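A quick note: this is a predicted structure, and the numbers were derived from the prediction, not measured. In the text below, chain A, chain B and the rest are named by the order of the sequence lines, each starting its count at 1.
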Amino acid sequence: VSAGHSHGHHGADLHIPAPLARTLLFSVLPFAVIVLVGLAVLWPRGTGPNLTDVFGGQTLLKATVVSVEPHVCAGAEGSGIDDCQIVRVRLRQGSHRGDVVRLEEGGSVGPAIHLGEGVVVGTTTDGGSRTYYFADYDRDFPILLLAVLFAGAAVVFGRMSGVRALAALAASLVALVWFVIPSVLHGHSPIAVALVGSGFIMLVVLYVTGGFNTRTTVAVLGTLASLALIAALAWFFVQATKLNGLADEDAAFLSATAASVNLQGLLLGGIIIGSLGVLDDMTVTQVAAVWELRRANSDFDAPALYRAAERVGREHISSTVNTLVLAYAGASLPLLIYFTQSNLHVRQILTSEVIAVELVRTLVGSIGLIASVPITTALAAYVVTRPHVEAEPA
Amino acid sequence: VFRLLRALVIAVAVLTVIGLLALWPRHGVEKLNSDGGALPYVKATVAGSLRLRCTDVEVDLPTSCTEYRVHITSGRDRGRSATFRVADTDFSVPTIHTGDRVVLAFNRLAPAAYRYSFEEFNRSSPLLLLFVLFVIVVVGFGRWKGVRALTGLAISATAIMFFLLPALLNGRDTLVAALVTTSVVAFAALYIAHGVTRTTTVALVGTLLSVGLITALAGIVASVANLSGLSDESFQLLRVTASALSPRGVLLAGIVIGALGVLDDVTVTQVSAVAELNSANSAMSRRDIYRAATRIGRDHVASTVNTLVLAYAGASLALLLFFFQEGRSVGQILNREVVAVEVVRALVGSIGLIIAVPVTTALAVAVVTDDAS
């Protein structure tokens, strides 16, 4: 990060011979061009399929709970008497703003609603009468607070690189929301979209967080090579295991509402985008380690640097083997619990599509990650140890 | 400094063992015997198919069907031929080709034509191949470290499958069970993968401190943001089949366990960087080492900020597509519990990660320079 500043212990910063720096930059250029062309070709034009009609155009409004009265009601499905609550809310949005309305009852199985809470209510007009019902809690404030806390931590600890990381994160989200998602909904190939999208995210994230310098270019090249490997492996194993993307309930629903979406491609796209984050991380750390080691001791030659940085990398990999496994296991904990309870044999569980998707995701991602370490480290060690020619570059 | 850390680690280890014993699932898990789960499965290879008219069993209307001829390759009927049908109206069954290896459910009570039904493709061999490839790459690059990492991984998987899941289904306190599991996984992942060394102990302390922080933060946010844990479809099933489980507890457990992997990674890298810097140039002062290691750490954090976000966004791509198609504003989408859960997961995990860097680096520098003097 601070490669351009004077924190060096031997007075000088690392000098990369200019011709070498140029060669590196020129090898990234074609990929940047492909990404730009891809963005232009796959850009979502016009309006995509919209489900507003299917959902009957229900309107969601924010409201505050002003009263909750318990009362006795008929139990769910006629099972006797139960506790219910009558909830009244004051609308904070819409044409009836300020009105106090009563919500339709959810019965005893409805969520617990407390006085003073912010909620989101849905409203439908049936003939002349308008009815309101509980749709969700209003979570704007706590989520905003958490985001601020996160940004604060990133900036306080990371200083400038924290700010840059946040900018890069914003760029990834923008790429996802304005390009990847609408483009897939327009029926473009999800794999092509995911590759172009992740290429764009990678270039922006790495150059914005690392600065536009040779060090970042080395990380970019390492990431590109590994990303290509992950895409190829993912494609092969998704085919071989006949994962069709139908196990995801949301995807299955999509196949009904947006028939043009290729579900298997969507799955592949998810795998590629999901592993990109860890991959960036790995290559940047390896390049940083090589740079810092060379700076700490400029007598290190390329093999010695490679070995030392590889030691850092090996530690990194041992933990990374756990990274994706735990991230995906944590996210699908309820699913795992459910399977434990079922009567199926472990083998049957592992090869069922829902779980097989997670396995392929994790294993392919991890293999790509591990491969990125030697690739990136070797390149970085080579680059920093090229003899520095004092003369003007020819 | 190191002695203090060691005492802390021993205390946590003792607590973890006590927790394991106290929460050990003593009753077997009550299995679900109803519906599909009880039907025996057989493996088969598709030999051919033909089109015919048949009745859609669900709505009792005539429709087109494909009848597949298969060779049974496992079980009592091994070696025999059989058929199964797929109605064109059944969207839950993917396209099947001749030569595909499939898993069929066998129902002896059904009419002859419907005795076998499609359950899944048989994915054992490609999955096994992928797993072997993974092991080769890990061991090939990581050598001994790789073998140890795989052992650590096996222990994490065992802890989740044979302790956490049954303990939760036994009605144990979710958060305590998750913390005990996390601690077991952290000990196993770090000590087995990296050896019982001073540096590992430092990384472990950094990890445990950050896990504590993440748990507290996740707990506060879940309650303030009214995250119920009920948005997960699997959980709605569990509510019926295992009603004693606390949905929010399971959500929190998932967040904590999900962040642990990246956390290990950050703390180990920091300690390792400090150690390498110190041996590359033993003349460096504490301050210089801290600064240099922090530079590595900052780069690491900058990319880590993206790690969790992209991992969770990639996994829920279909969900995101669906919400965007619904034509809602971004604000409304973010407010939905399903999405809010992912946002909280990513943000809480990232905050824990960021804090882990300075904490671990400072501890490592203190210990490494203590050793030198």
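- When each of B/V137, B/I160, B/L347, B/V224 is scored by its heavy-atom pairs under 4.5 Å with chain A, the top score falls to B/L347.
- When all heavy atoms of A/F150 and B/I354 are compared, the pair lying nearest together is CE1-CD1, 4.1 Å.
- The side-chain heavy atoms of A/L146 and B/I351, taken from C-beta on, include a pair separated by under 4.5 Å.
- With contacts defined as side-chain heavy-atom distances shorter than 4.5 Å, the pair A/F237/B/L129 qualifies.
- Only the side chain of A/L233 comes within contact range of chain B, judged by heavy atoms closer than 4.5 Å.
- Pairing each heavy atom of A/R311 with each of B/S272, the nearest pair is O-OG, 4.4 Å.
- For a residue to count as touching a neighbouring chain, one of its non-hydrogen atoms must lie under 4.5 Å from one of that chain's; by this rule A/L173 touches chain B with the side chain only.
- Heavy-atom distances place the side chain of A/L176, and not its backbone, under 4.5 Å from chain B.
- Only the side chain of A/S172 comes within less than 4.5 Å of a heavy atom in chain B; its backbone stays farther off.
- If you tally non-hydrogen atom pairs under 4.5 Å between each of B/S156, B/G254, B/G140 and chain A, the highest count goes to B/G254.
- Here the CG atom belonging to A/D299 is positioned 10.0 Å from the CG atom belonging to B/N281, to the nearest 0.5 angstrom.
- Within the 4.5 Å cutoff, the side chain of B/L130 has no heavy atoms near those of the A/L359 side chain.
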Residues A/L363, B/F131; criterion side-chain contact (heavy atoms from CB on, under 4.5 Å); working and verdict: CA-CA 7 Å; A/L363 293 178; B/F131 185 72; 4.1 Å; yes

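- In this structure, the separation between CE on A/M282 and OG1 on B/T269 is 8.0 Å, given to the nearest 0.5 Å.
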